[in-house]
Amino acid sequence: MIDYVAKGRMLIIWVVLVAAIVYLGAVPFLPVSSAFIFYMMFWITMASSFNIIYGFTGYLPFGYVAFYGLGTYVTAVFWSRLGFPIPAAILIAGGAGVLLSLIFAPTLRLRGIYFAIVNFSCAMALRILIANLPEKWAGGSFGITLSAAYKPRFSYYCMFILMIVTIFIVWKLSISRLGIALRCIRDDYEAAEAMGIDVSMCRLKAWMLAALIPSIAGGIEAWHTAIIDPDTSFSMMITTKSIVYAMFGGLGTITGPIVGAVFMYILDDLIWARFPILNLMVLGIFIVALVLFFPRGIVGSITRWKPTLRAVLA
Amino acid sequence: MLLEVENLTKKFGGLIAVDDVFLEIRKETITGLIGPNGSGKTTLLNCINGFYVPENGTIRYKDKLIQGMKPHQIANAGIGRTFQVPRIFKRMTIIENLMAPVLDSELPDSSLREKALEYLERVNMAELKDSLGDELSGGQQKLLEYVRLLMFDPDMVLLDEPFSGVHPVLKSMFHNEILRLREMGKTFILVSHDLVSVYTLSEEIIVLDLGKVIARGKPEDIKYDDRVIEAYLGR
């Protein structure tokens, strides 16, 4: 009987998953706003990749926007200044993000709020550096336009693929030995070390992975919007929303950041539409209420209430 | 000798927590390490397992210098430990907790999970395999830490206060398990304030006070040693 229930649940998950993939794949041909769905997929990707370093490993990178911002600029510069095709520029952006993660890697020795503050400072330093690069390279405060490369349908499908790959990576990670090691580090890194887990190496792998995805996402988003500048590429709202969406859904779970990003993105959009001036304040009140009543996020709260769902949702 | 510690000194600022300590631990023995609070027992364990880097001295395990090595390297060399307060992975399931020490194993996950389930059945916790660590009681957390140690299967075990806050039935089980594992070839350093347990289980006892070794010997000698009585009760 229990087997049938579990199999039934898995079947439901698969049906929902396939239906969602088919729907998202068909969006550019349907009478719905593909830009709205594009950004929903973007936030699912950002929240899921943020989940790798915070939800799984316990490191809160307040400067997470650095990887996204670098991705936007590397893509734009390699396309507009060096003549690379956009897909190649996006892949190079991913590589640049990983390189940046290695440069920031020594900060992983810090923990808690110290890591968060230093990481935030690194992101701000990068923003200042890019904003002050010669205008002929990085466009200065005006940024760079990519209007000649504008192909929203292509960029939509790139984001679609990135989102699926990201969710797949998070799923594989959650069932892998590396995933167990990361969660051990998150819960108690000294106990993890005492169990023979190479904390430095495992967290570096997570960090590089968590840097790769937003860098590519930044490149795709730059292509989709066709314009970038330092203020939007390094906006703290990128980090904030990644944190809030992932937390709201449930950190350290596979489905949490997806549920959180979908729900909060729709809520955010509704609030923008109804409260164009006070939107941030109203959103803030919602976030405070959600953290108070669902400290483990939606998925975390559900699995705590019904542990048998853990195998399906977490 | 399995473990040799020579002239080990660990300082925290001006405080000398471990002061020129000398230890020799033979294979397949249980060595009690006792002393009043603040005498340096846990600091000594932390030096042995690599959490602290000592300022002076050497630590040899199986004739290999291990001081300066990272804790995970020392663990993989065969030294396992438990903590004063159980340090289980609280947001992970019990099975995942037990997988933690065998992540480098070449055995497939399914075999490791089977082995973990066997151990859980031995301590009547098999039905809790999918529960999270923070859903366990204090006693169950102690048991989980013990089972995790069995999964880890180190040659040498540093036990830090294994009997504190433990029900007498569970304590008796731990006694039997320590003796059973010793028979199987394991070596123990047992830190505990439960002197009856230490006297019962240990072949040799080392007494620390203010970071220094003030006495060492067989339990029957240590029991009546004036320096030990003085360290515990004062003059």
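The structure presented is a predicted model; accordingly, all values stated were derived computationally and were not measured. Values below: all heavy atoms of this structure, side chains included; hydrogens, waters and symmetry mates excluded.
Looking at B:Glu135, the atoms closer than 4.5 Å to chain A (heavy atoms on both sides) all sit in the side chain, from C-beta outward. Proximity to chain A is absent for every atom of B:Asn97, based on heavy atoms less than 4.5 angstrom apart. Residue B:Ile95 does not touch chain A at all, counting heavy-atom pairs closer than 4.5 Å. Interface remark: B:Asp130 contributes backbone atoms only to the contact with chain A (heavy atom separation under 4.5 Å). Interface residue B:Leu132: backbone and side-chain heavy atoms are both found under 4.5 Å from chain A.
Within a 6.0 Å sphere centred on NZ of B:Lys11, other residues, nucleotides and ligands contribute 12 heavy atoms or fewer. At most 12 non-hydrogen atoms from other residues, nucleotides or ligands lie less than 6.0 angstrom from OH of A:Tyr114. Surrounding CG of B:Asp63 are at most 12 heavy atoms belonging to other residues, nucleotides or ligands under 6.0 Å away. Atom CZ of A:Arg109 sits in a sparse spot, with 12 or fewer heavy atoms from other residues, nucleotides or ligands closer than 6.0 Å. Residue B:Arg122 places its CZ atom among more than 12 non-hydrogen atoms of other residues, nucleotides or ligands, all under 6.0 Å distant.
A:Glu193 places a side-chain heavy atom less than 4.5 Å from the side chain of B:Phe51. Here the side chains of A:Glu190 and B:Pro71 are not in contact, with every heavy-atom distance at 4.5 Å or above. Between B:Glu96 and A:Arg183 there is a side-chain heavy-atom pair separated by less than 4.5 Å.
For B:Asp134 and A:Arg296, the salt-bridge test passes: some basic side-chain N is under 4.0 Å from an acidic carboxylate O. By the 4.0 Å N-to-carboxylate-O rule, A:Asp188 lies close enough to B:Arg87 to be salt-bridged with it. Residues A:Arg177 and B:Asp109 are paired through a salt bridge, judged by an N-O separation under 4.0 Å between the basic side chain and the carboxylate.
The candidate with the highest count of non-hydrogen atom pairs below 4.5 Å against chain A, out of B:Thr82, B:Ile79, B:Asn76, is B:Asn76.
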Worked verdict on A:Asp187 versus B:Arg91 for salt bridge (Lys or Arg N to Asp or Glu O under 4.0 Å): CA-CA 7 Å; A:Asp187 282 6; B:Arg91 286 186 284 164; 3.5 Å; yes
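Residues of residues 44-62 of chain A lying within less than 4.5 angstrom of chain B, judged on heavy atoms, are absent. For residues 195-211 of chain A, the interface with chain B (any heavy-atom pair closer than 4.5 Å) comprises A:Met195, A:Gly196, A:Ile197, A:Asp198, A:Ser200, sorted by residue number.
The two atoms that bring B:Ala75 and A:Ala194 nearest to each other are CB-O, 3.4 Å, heavy atoms only.
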